[in-house]
Amino acid sequence: MDINLEQTLFCGQSFAWTKTGSLYEAVLFGRCIRLDEQSFASVVADDPELAAYFDMDWEYAKAQSYLSSLDPYLASCITRYEGLHLLNQDPWEVLISFLLSQNNNIKRIRSMYQTLCRAFGSEVGTQKFAFPSPQQLEMATEAELRALGMGFRAPYLLDAIRCHALLDEIPNLSTEKAATHLMTIKGVGPKVAACILVFAFHRMDAFPLDTWMLKVMKSRYPGKDASFFEPYAALAQQYLFHAERLGGGVV
DNA sequence: GGCCAGGCCCCAG
DNA sequence: CTGGGGCATGGC
């Protein structure tokens with residue numbers, strides 16, 4: 001079971017990637033990454049950093065097979081979007097990305113993410129900008145962030161900058177304690193905390209519930225919760241979320 | 001042009 | 001602890 005770049009990079013877990021033709025591009029690890037489905041395997045074989053990012057060593061075959069056995073609808077989602085991997089992204093980048101995500105849509109989150117890169121990030125290639133470090137974002141004022149279109153999230157970003165060091169403690173905490181810890185940051189609630197735990201820390205027992213997922217749970221899994229999908233709740237969530245957005249809930 | 005978007009804060013009961 | 005209004009902005 002191979003990774004599918006299209007499903008993995010455009011399922012709403014990362015906002016760093018663009019696609020032109022068959023080429024996927026992002027600035028990560030301080031360099032420009034260019035990939036397509038054809039050359040992916042050989043590129044990643046020689047690039048441990050990318051292999052870790054794309055989570056190439058995890059038990060996707062086992063997880064997809066188990067989840068497919070749980071219920072037919074989830075099985076159909078996995079068939080349709082097979083090869084969706086959960087990325088191991090930089091915690092800082094995920095924290096800021098999902099602060100931007102609240103009461104927002106994916107298209108605009110991506111645009112706001114790029115705005116922060118251009119305004120505060122390092123230029124890595126011609127007109128290619130890395131996501132800004134905490135130190136780079138520290139230069140921003142609330143007025144400046146609002147002028148850049150961050151809206152009511154501007155003070156949340158400032159608090160995240162102030163608290164960024166607490167991300168270092170997350171690996172040592174249980175998922176539940178880690179969520180509580182993350183929620184001490186202004187603007188981080190249960191949903192954003194869960195996204196950080198899944199997309200940066202690979203916690204399979206975290207389960208982000210946004211408006212789309214609430215719809216799915218209500219209509220297709222009434223009375224159930226994350227425990228129904230254990231021990232792969234996070235992966236199930238991502239398939240269900242992606243299918244709901246793309247397929248409009250078609251079986 | 002109104003509705004909605006990968007929510008959360010804050011305040012009332 | 002639970003419920004509901006308000007919030008900036010742009011895509012549709």
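Every chain is numbered from 1, with letters handed out A, B, ... down the list of sequences.
- Look at CG on Leu95(A): it is 12 Å from P on dC8(B), rounded to the nearest Å.
- Gly12(A) comes within contact range of at least one nucleobase, with a heavy-atom separation under 4.0 Å.
- Side-chain atoms of Glu244(A) and base atoms of dG6(B) include no donor and acceptor less than 3.5 Å apart.
- Residue Asn172(A) qualifies as enclosed at atom CG: its count of foreign heavy atoms under 6.0 Å is above 12.
- Relative ring orientation between Phe207(A) and Phe229(A) is described as parallel, the plane-to-plane angle staying below 30° on a 0-90° scale split at 30° and 60°.
- In this structure, a donor-acceptor pair under 3.5 Å is absent between the side chains of Glu37(A) and Ser22(A).
- Judged by ring centres under 5.5 Å apart and planes tilted less than 30 degrees, Phe241(A) stacks against the six-membered base ring of dG6(B).
- Looking at DNA chain B, the stems built from 3 or more consecutive Watson-Crick or G-U wobble pairs, each pair with its key distances under 3.5 Å, are B:2-5 with C:9-12, B:7-13 with C:1-7.
- Look at CG on Leu214(A): it is 13 Å from P on dG3(C), rounded to the nearest Å.
- A cation-pi geometry, defined here as NZ or CZ lying under 6.0 Å from the six-membered ring centre and within 45° of its normal, holds between Arg220(A) and Tyr73(A).
- Within residues 190-199 of chain A, the residues having any heavy atom under 4.0 Å from DNA chain B are, by residue number, Pro190(A), Lys191(A), Val192(A), Phe199(A).
- Each of Trp212(A) and Ile185(A) has a nearest nucleotide on DNA chain B; the 5'-most of these lies closest to Trp212(A).
- Remark: P of dA8(C) and CD1 of Ile109(A) are 17 Å apart, rounded to the nearest angstrom.
- Side-chain nitrogen and oxygen atoms of Ser101(A) include none within less than 4.0 Å of the OP1 or OP2 phosphate oxygen of dG7(B).
- Straight-line distance from the CG atom of Asp159(A) to the C1' atom of dG7(B): 16 Å, rounded to whole Å.
- Checking Glu230(A) against Tyr66(A) by side-chain atom types alone, no donor-acceptor pair falls below 3.5 Å.
- With a 4.5 Å cut-off on side-chain heavy atoms, Ser14(A) and Phe199(A) do not count as touching.
- Between dG1(B) and dG11(C), the distance separating the two C1' atoms is 13 Å to the nearest Å.
- Side-chain atoms of Tyr24(A) and Glu6(A) form a donor-acceptor pair, as typed in the model, at a separation below 3.5 Å.
- Note: Trp212(A) and Phe241(A) have perpendicular aromatic rings, judged against thresholds of 30 and 60 degrees for the angle between ring planes.
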Apply side chain to side chain donor-acceptor pair (under 3.5 Å) to residues Gln7(A) and Tyr239(A) and explain how you reach the verdict.
CA-CA 9 Å; Gln7(A) 311 310 335; Tyr239(A) 268 107; over 6 Å; no
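- Remark: the Gln238(A) side chain and the Tyr81(A) side chain contain no N/O donor-acceptor pair separated by less than 3.5 Å.
- Relative to the side chain of Phe152(A), the nucleotides dC10(B), dC8(B), dA8(C) differ in distance, and dA8(C) lies closest.
- In this entry the distance linking CD1 of Ile96(A) with P of dC8(B) reads 15 Å, nearest Å.
- Ring pair Trp17(A)/Phe54(A) is tilted by interplanar angle, where 30° to 60° counts as tilted.
- Residues Ser39(A) and Asp36(A) have side chains that bring a donor and an acceptor to within less than 3.5 angstrom of each other.
- When the P atom of dA5(B) is taken as reference, atom CE of Met213(A) falls 15 Å away, rounded to whole Å.
- Per the geometry, NZ belonging to Lys215(A) stands 10 Å off C1' belonging to dA5(B), to the nearest Å.
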Between the protein and nucleotides 9-12 of chain C, which nitrogen or oxygen pairs come in under 3.5 angstrom?
| from | atom 1 | to | atom 2 | distance (Å) |
| --- | --- | --- | --- | --- |
| dT9(C) | O2 | Arg108(A) | NE | 3.2 |
| dT9(C) | O2 | Arg108(A) | NH2 | 2.8 |
| dC12(C) | OP1 | Lys107(A) | NZ | 3.1 |

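- Rounded to a whole angstrom, the distance from the P atom of dC11(B) to that of dA8(C) is 15 Å.
- The CD1-C1' distance, from Ile106(A) to dC4(B), rounds to 13 Å in whole Å.
- Only the P atoms considered, dG6(B) is 23 Å distant from dG6(C), to the nearest whole Å.
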